[in-house]
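Just so you know, ligand 1 is whichever comes first in the structure, and atom 1 is the first atom listed for that ligand. Since the structure is predicted, the reported quantities are computational estimates derived from the model, not experimental observations.
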Amino acid sequence: MNWQSDSNADVTAFAATLEQWYERHKRDLPWRHTRDPYRIWLSEIILQQTRVAQGQPYYERFVDAYPTVADMAAAEERDILRLWQGLGYYSRARNLHQTAKWITSEREGKFPGSNRELLTLKGIGAYTAAAIASFAFGERVPVVDGNVYRVLARVFGITEDITTTAAKKTFAQRAVDLMAHAPDPATYNQAIMEFGAIQCTPVSPDCLLCPVQQQCVAFQTGRQHKLPVKAKKAAVRERYFNYLVFYQTDSDGQQQVAMRERTGKDIWQSLFDFYLIETDEPKHTLSDMEFPGEVQALVHGGVLMSLQVTGIQLLSHQRVKAVFHLIELPTDRDMALPTSLIWYSTAEIGRLPKPVLITTYFERTFG
Ligand code: SF4
């Protein structure tokens, strides 16, 4: 018999079954031992970027460095970006910092205590607000993330395309109905997300040992792999980054590399990279390219030491293909850098926040 999400008895049974499953199968994760909204917030923001196994060391490093929201507020943005390095989508890290500063200065370090108030914070959307409100304060508000869409679509046989606004409303309403009957809101939210993460997984759901197998519409009709319904993503944008990596060796034999801080509304904002010429198509050699006037003298006066076609980095909506031209500049001539570039020692560069693509190249070349 399938569960009907509008039947009181059935929704009560669903939530209770999931909570029982959770108590037996949950993973022991550090953020599950706290009701501190700051730490829960931190874990949720990290987990939006990566899987649990990769996210846990990040969480532990952040909590060690900044045990309280006031500690994070007092930090330099650059240090936060450096701890975040490798997680990508750096605006999340910047929002963390700005929100920590706001809570510290405007609310004397006290976290907002309700879902509604949490939603007013920068970088906190419906999902994160619900997670914090339920885990920290026991508020009866359901989380709806990718795991929850999958579990609800499969168990209740919902066939609406989850990328549409109408479907989002349908799922949100189901989630509210189910939450209304959950014995414990925090446990229920944890349970449905954990169930989606380790039992009802996208590719290999463990249906044979599933406690809701008999009621699951997808299992009963053999449609586990057809649900949830999701329209194809928009095409990925290809970008071609041609880096000019200028370096010089001073009289003490120390290498210095010219880098710049990225500004403007683009990927990797506030991180450091080399002089960049972006092109619409791949350019593999310097002779393929045209140079802005500010670097012509440097390119023609320097010596090309190596060329690496590397770095394909998949972001959610764009793919960056990078070519690095390593150019040594003579130190016996005064060659002015463009104003965006600054010389840094290799030790200083080690401490600058950088995209993974740049870190990998830098360590391979100068490490
Ligand atoms: Fe998911 Fe399979 Fe369980 Fe249905 S029976 S909820 S598809 S694991």
Side-chain angles (χ1 to χ4, degrees), residues 1-29 31-32 44 47-48 50-56 126-127 130-131 134-135 140-164 166-233:
M1 183 198 74
N2 297 333
W3 268 322
Q4 302 299 314
S5 65
D6 51 2
S7 149
N8 255 5
D10 287 351
V11 291
T12 308
F14 175 76
T17 305
L18 246 53
E19 288 190 27
Q20 283 161 14
W21 172 92
Y22 178 70
E23 293 304 340
R24 277 202 300 278
H25 299 279
K26 67 182 172 194
R27 291 167 292 180
D28 184 20
L29 301 171
W31 47 85
R32 291 190 173 150
E44 289 301 331
L47 291 178
Q48 283 167 23
T50 190
R51 291 170 179 277
V52 164
Q54 285 83 24
Q56 191 167 335
Y127 163 78
S134 61
F135 303 159
R140 199 167 276 282
V141 48
V143 290
V144 185
D145 70 347
N147 285 324
V148 175
Y149 279 127
R150 184 167 60 258
V151 172
L152 296 186
R154 286 175 175 171
V155 172
F156 296 105
I158 305 171
T159 54
E160 289 177 61
D161 172 1
I162 61 170
T163 62
T164 64
K168 288 190 171 97
K169 277 193 191 148
T170 304
F171 279 91
Q173 189 55 52
R174 299 256 169 154
V176 167
D177 294 344
L178 293 165
M179 171 58 94
H181 297 85
D184 175 68
T187 309
Y188 171 70
N189 272 344
Q190 296 274 18
I192 192 165
M193 289 197 297
E194 188 78 338
F195 186 77
I198 64 179
Q199 179 85 30
C200 191
T201 56
V203 180
S204 315
D206 189 2
C207 299
L208 291 181
L209 295 175
C210 177
V212 298
Q213 180 203 74
Q214 289 307 308
Q215 296 82 12
C216 174
V217 173
F219 178 77
Q220 295 298 331
T221 56
R223 286 186 291 152
Q224 295 95 315
H225 296 103
K226 298 217 164 84
L227 294 171
V229 175
K230 188 176 180 187
K232 290 250 178 306
K233 275 196 194 148

Subject >> Test applied, side-chain hydrogen bond (donor to acceptor under 3.5 Å, both in side chains); reference residue, Glu194; option that passes from Arg32, Lys26, His25 >> reply: Arg32

Subject >> Side-chain (Glu19) to main-chain (Asp184) donor-acceptor, under 3.5 angstrom >> reply: yes

**OP:** Quick one: list whatever passes side chain to side chain donor-acceptor pair (under 3.5 Å) with Gln173, sequence neighbours left out.
**Re:** Asp177

**OP:** Would you please test Gln220 and Gln215 for side chain to side chain contact (heavy atoms under 4.5 Å, CB included) and show each step?
**Re:** CA-CA 8 Å; Gln220 295 298 331; Gln215 296 82 12; over 6 Å; no

**OP:** Identify, with sequence neighbours excluded, every residue that meets side-chain contact (heavy atoms from CB on, under 4.5 Å) alongside Asp161.
**Re:** Thr163, Thr164, Val229, Ala231

Subject >> Heteroatoms of the protein, restricted to N/O/S, which lie under 2.8 Å from atom 3 (Fe) of ligand 1 >> reply: Cys210 SG

Original post:
Among all residues two or more places apart in sequence or in another chain, which pass the salt bridge (Lys or Arg N to Asp or Glu O under 4.0 Å) test with Glu44?
Top reply: none

